[in-house]
Undergrad: 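Quick one: this structure, given as structure tokens, is what I'll be asking you about.
In what follows, every chain begins at residue 1, and chains take the letters A, B, ... in the order their sequences are listed. Side chains are part of it too, since the values below use all heavy atoms of this structure and drop only hydrogens, waters and symmetry mates.
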Amino acid sequence: MSIGLARLREEPDRIRQGAIDKGEDPTIVDQALALEGRRRQLLGDSDRLKADRNAASKKIGEAIHEGAAPNGPEVAALRQVSTDAGTQIEKIAAELAATESALEELLLRIPNPADPDVPVGDASANRVVRTWGEILPKDVPLAEGGTWTRRPHWEVAETLHMFDLERGAKISGSGFPVYTGQGSRLQRALIDFMLDVHTAEHGMTEIWPPAVVNAASARGTGQIPDKEDLMYVVPRDDLYLVPTAEVPVTNLHRDEIFEADQLPIRYAAYSPCFRREAGAAGKDTRGILRVHQFDKVEMVFFEKPEASAEALEWLTGRAEVILQRLGLAYRVLLMATKDMGFVQAKKYDLEVWAPGVERWLEVSSCSNFRDYQARRMAIRYRPEAGAKPELVHTLNGSGVALPRTVAAVLETYQQPDGSLIVPEVLQQYMRTDRIGR
RNA sequence: GGAGAGGUCGCCUAGUGGCCUAGGGCGCCGCACUGGAAAUGCGGUAUGGGGCAACCCAUCGAGGGUUCAAAUCCCUCCCUCUCCGCCA
């Protein structure tokens, strides 16, 4: 994932400012420009020498064809020219390779500049753009006197036998929840419900991707080398457990060129997600707010550049539809430059309200990468028939992640009598309107 | 896992060291012919990089090697197909 060389040359100021806004080192931009100049110089020298060598070799062929002795003086002289050029090419090639890898290294450290409408600053500059639904209180005064206190999701789940964290730890490790009974069914119901809405109502194409990807795919979406610590790796087979369906689904079209009329391409994909959560030890250890394996429906879009800004708004709205239908209160945050990530141009986070733990829980992150991700994967399209290919814009967003949604459902729909009302849209999938009692 | 066959331009295919600067067919685009179309003819039809440009460089699954010169020869790997074994 990196900034394009053409753009680097054309608008270095914008890229420099983008780096500053994201809290990255802007001097890298100038170092990269210098190396790029050197690269082009070396490439020119090298290409000229290669042209000489090719011409000499060709002449040898022609001379022999016309009857010259293959070991005669004429051929020997030409052979010398070719050999000499080859020697010089190798010398340049060494410096060129070093220059290119140094340049590549620098480019990887230049962030994707944020869109102009993104607030500049750290997390404190994040903007709540809208809030939906009723923010339920933890403590509810009862008509008959006294107070009912909403319990955290792990207590609700324990009473209703919906998941079993202890046994999950026994068979796999902590952070690998076992869903049981109606808890298991709720997983299926949520996945089914979300995919049904995204395909039947939102027109997306459903994808059921592999749960492991090869190194090329992990590299394509930038999981390696940057985030290798976050992934489960299968070294024997050089495979990686997917941390999100974004990885396999975006890579579907790696090294492909679309015709303009094929875009946009919009996918909805269910996959299990595996995350080592290295460095997160001690955070959210109770319940299922932070786990190593979870399930998620992800939306992945390939768009024409001019359509991507609007597509992000629509994408975010499609994730909101899921939360609205589930009747969960949520808010939408527009992430500020230093809090949005290195590769995103604009990002919204969706957070649901969990009244039992009295917290906003992130269940979706919707991003426009513009051409930054497409560049590394060489995903392009032809604006018009016969035109030169241009990079597409890629976007993705959760629609939505299950565990925290489950937590919010349990905490929102729990009843004073200990039972759980099933959200209306899930009743047909759950085949019941109530769990417990 | 074992044995064999194969991976060339959007698709099919030719090509076993040097006019391959990769040929032909199909498809597609343009032009001509036509009242319009079909058929036919002519031309064009990959990607990346460099150059004001003419043009040059790289890429024949990937990576190495041999050679003045590699689609072609050698090595390693990947993938596809067929058969056998195993298997939900």
Undergrad: Look only at the side chain of A/Ser271 and the backbone of A/Cys273, and say whether a donor-acceptor pair between them is shorter than 3.5 Å.
TA: no
Undergrad: Between A/Ile257 and A/Gln80, which residue's closest nucleotide on RNA chain B lies nearer the 5′ terminus?
TA: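 By nearest-heavy-atom nucleotide position, the 5'-most residue is A/Ile257.
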Undergrad: Should the ring pair A/Tyr429 and A/Phe193 be called parallel, tilted or perpendicular, given that the plane angle runs from 0 to 90° and is split at 30 and 60?
TA: perpendicular
Undergrad: Whole angstroms only, please: what is the NZ-P distance between A/Lys388 and B/U47?
TA: 7 Å
Undergrad: C1' atom, B/C87 versus B/C79: distance in rounded Å?
TA: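 Going atom to atom, C1' in each nucleotide, I get 22 Å.
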Undergrad: Go ahead and name the base partner of B/C86; Watson-Crick or wobble counts if both distances stay under 3.5 Å, otherwise write none.
TA: none
Undergrad: Return the pairing partner of B/A71 with a 3.5 Å limit on both distances, Watson-Crick or G-U wobble; otherwise return none.
TA: none
Undergrad: To the nearest angstrom, how far is A/Leu103 atom CG from B/G49 atom C1'?
TA: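 Atom-to-atom, A/Leu103 to B/G49, this comes out as 13 Å.
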Undergrad: Using purine N1 to pyrimidine N3 plus N6-O4 or O6-N4 for Watson-Crick, or N1-O2 and O6-N3 for G-U wobble, both under 3.5 Å, which nucleotide pairs with B/U66?
TA: none
Undergrad: Using whole Å, what does the distance between atom C1' of nucleotide B/U67 and atom CD of A/Glu90 come to?
TA: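 Those two atoms, CD and C1', are 13 Å apart.
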Undergrad: Measure all distances between protein nitrogen or oxygen atoms and nitrogen or oxygen atoms of nucleotides 77-79 of chain B, and list the pairs falling under 3.5 Å.
TA:
none

Undergrad: Taking any heavy-atom pair under 4.0 Å as a contact, classify A/Lys59: base, sugar-phosphate, or nothing.
TA: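 The answer is nothing, as A/Lys59 stays clear of every strand by at least 4.0 Å.
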Undergrad: Is the backbone N or O of A/Phe342 less than 3.5 Å from a side-chain atom of A/Lys22, with the two atoms forming a donor-acceptor pair by type?
TA: yes
Undergrad: Mind jotting down which residue pairs meet the side-chain hydrogen bond (donor to acceptor under 3.5 Å, both in side chains) criterion with at least one end in residues 296-317 of chain A? Sequence neighbours excluded, please.
TA: A/Thr244-A/Lys296, A/Arg266-A/Glu303, A/Lys296-A/Glu298, A/Ser308-A/Asn368, A/Ser308-A/His393, A/Glu313-A/Lys346, A/Glu313-A/Tyr348
Undergrad: I'd like the C1' distance from B/G10 over to B/U16, given in whole Å.
TA: 28 Å
Undergrad: Provide, to the nearest angstrom, the distance between the CD atom belonging to A/Glu259 and the P atom belonging to B/A46.
TA: 13 Å
Undergrad: Could you tell me if A/Ser57 and A/Asn54 have a donor-acceptor pair between their side chains, going purely by distance under 3.5 Å?
TA: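 Their side chains do not contain a donor-acceptor pair, so the 3.5 Å distance test is not met.
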Undergrad: State whether a side-chain donor-acceptor pair under 3.5 Å links A/Glu256 with A/Gln262.
TA: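 On atom types as modelled, these side chains do not qualify, holding no pair under 3.5 Å.
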Undergrad: Going by purine N1 to pyrimidine N3 plus the second Watson-Crick contact, or the G-U wobble pair, all under 3.5 Å, which nucleotide sits opposite B/G6?
TA: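 In the structure as shown, B/G6 has B/C79 as its Watson-Crick or wobble partner.
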Undergrad: What integer distance in Å separates A/Asp261:CG from B/C28:C1'?
TA: 13 Å
Undergrad: Identify the nucleotide, in any strand shown, that forms a Watson-Crick or G-U wobble pair with B/C20, with both distances under 3.5 Å; if there is none, say none.
TA: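 Across any shown strand, B/C20 pairs with none.
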Undergrad: Distance check needed: B/C29 P versus A/Arg382 CZ, whole Å only.
TA: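 Spelled out: CZ on A/Arg382 to P on B/C29 is 14 Å.
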Undergrad: When you get a sec, tell me which of B/U21, B/C68, B/U47 is the closest nucleotide to the side chain of A/Pro389?
TA: B/U47
Undergrad: On a whole-Å scale, what distance lies between the C1' atoms belonging to B/C31 and B/U82?
TA: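 Straight-line distance between the two C1' atoms is 47 Å.
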Undergrad: Please give the distance between the P atoms of B/G7 and B/A46 as a whole number of Å.
TA: 23 Å
Undergrad: Judged by modelled atom types alone, do A/Asp84 and A/Gln88 share a side-chain donor-acceptor pair under 3.5 Å?
TA: no
Undergrad: Run the side chain to side chain contact (heavy atoms under 4.5 Å, CB included) test against A/Ala354 and tell me which residues pass, sequence neighbours left out.
TA: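 Listed in chain order: A/Val357, A/Leu361, A/Glu411.
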Undergrad: Tell me whether A/Glu259 at atom CD has more than 12 heavy atoms from other residues, nucleotides or ligands lying less than 6.0 Å away.
TA: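 It does: A/Glu259 CD has more than 12 such atoms within range.
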Undergrad: Would you mind checking if A/Glu166 and A/Lys170 are paired as a salt bridge, meaning a charged N to carboxylate O distance below 4.0 Å?
TA: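 Looking at A/Glu166 together with A/Lys170, the answer is no, because their closest N to O distance does not fall below 4.0 Å.
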Undergrad: Please produce a list of atom pairs where a protein N or O lies less than 3.5 Å from an N or O of nucleotides 7-12 of chain B.
TA:
none

Undergrad: How long is the line joining CD1 of A/Ile60 and C1' of B/G17, in whole Å?
TA: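 My rounded result for the distance is 13 Å.
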Undergrad: For B/A54, which nucleotide in any strand shown is its Watson-Crick or wobble partner with both distances under 3.5 Å?
TA: none
Undergrad: For the residue pair A/Phe176 and A/His292, categorise the inter-ring angle as parallel (less than 30°), tilted (30 to 60°) or perpendicular (more than 60°).
TA: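 Correct class here is tilted.
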Undergrad: Could you give the distance separating B/G6 and B/C74 at their P atoms, to the nearest angstrom?
TA: 13 Å
Undergrad: Write down the partner of B/C28 under the Watson-Crick or G-U wobble criteria, each distance required to be under 3.5 Å.
TA: B/G44
Undergrad: Within the 4.0 Å limit for protein heavy atoms, which parts of nucleotides 50-65 of chain B are touched? Write it as a string from 5' to 3', B for base, S for sugar-phosphate only, - for none.
TA: SS----SSS-------
Undergrad: Partner lookup for B/C60, please. Criteria are Watson-Crick or G-U wobble with both distances under 3.5 angstrom; report none if nothing qualifies.
TA: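 No nucleotide pairs with B/C60.
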Undergrad: For B/A69 versus B/G85, give the span between their P atoms, rounded off to a whole number of Å.
TA: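 These two P atoms come out 49 Å apart once rounded.
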Undergrad: Whether the A/Gln324 and A/Tyr330 side chains hold a donor-acceptor pair (N or O, under 3.5 Å, no angle test) is what I'd like checked.
TA: yes
Undergrad: Evaluate salt bridge (charged side-chain N to carboxylate O under 4.0 Å, His left out) for A/Glu36 paired with A/Arg39, printing each intermediate quantity in order.
TA: CA-CA 5 Å; A/Glu36 157 64 359; A/Arg39 181 191 73 93; 2.8 Å; yes
Undergrad: Please enumerate all residues that pass salt bridge (charged side-chain N to carboxylate O under 4.0 Å, His left out) together with A/Arg16, with sequence neighbours excluded.
TA: A/Asp13, A/Asp30
Undergrad: Rounded to the Å, how far apart are A/Arg254 CZ and B/U47 C1'?
TA: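 Rounded to the whole Å, the gap is 17 Å.
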Undergrad: Mind checking the P distance from B/A62 to B/C9? Whole angstroms is fine.
TA: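 It comes out at 10 Å once rounded to the nearest Å.
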Undergrad: Quote, to the nearest angstrom, the C1' distance that separates B/C84 from B/C29.
TA: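 It works out to 49 Å between them.
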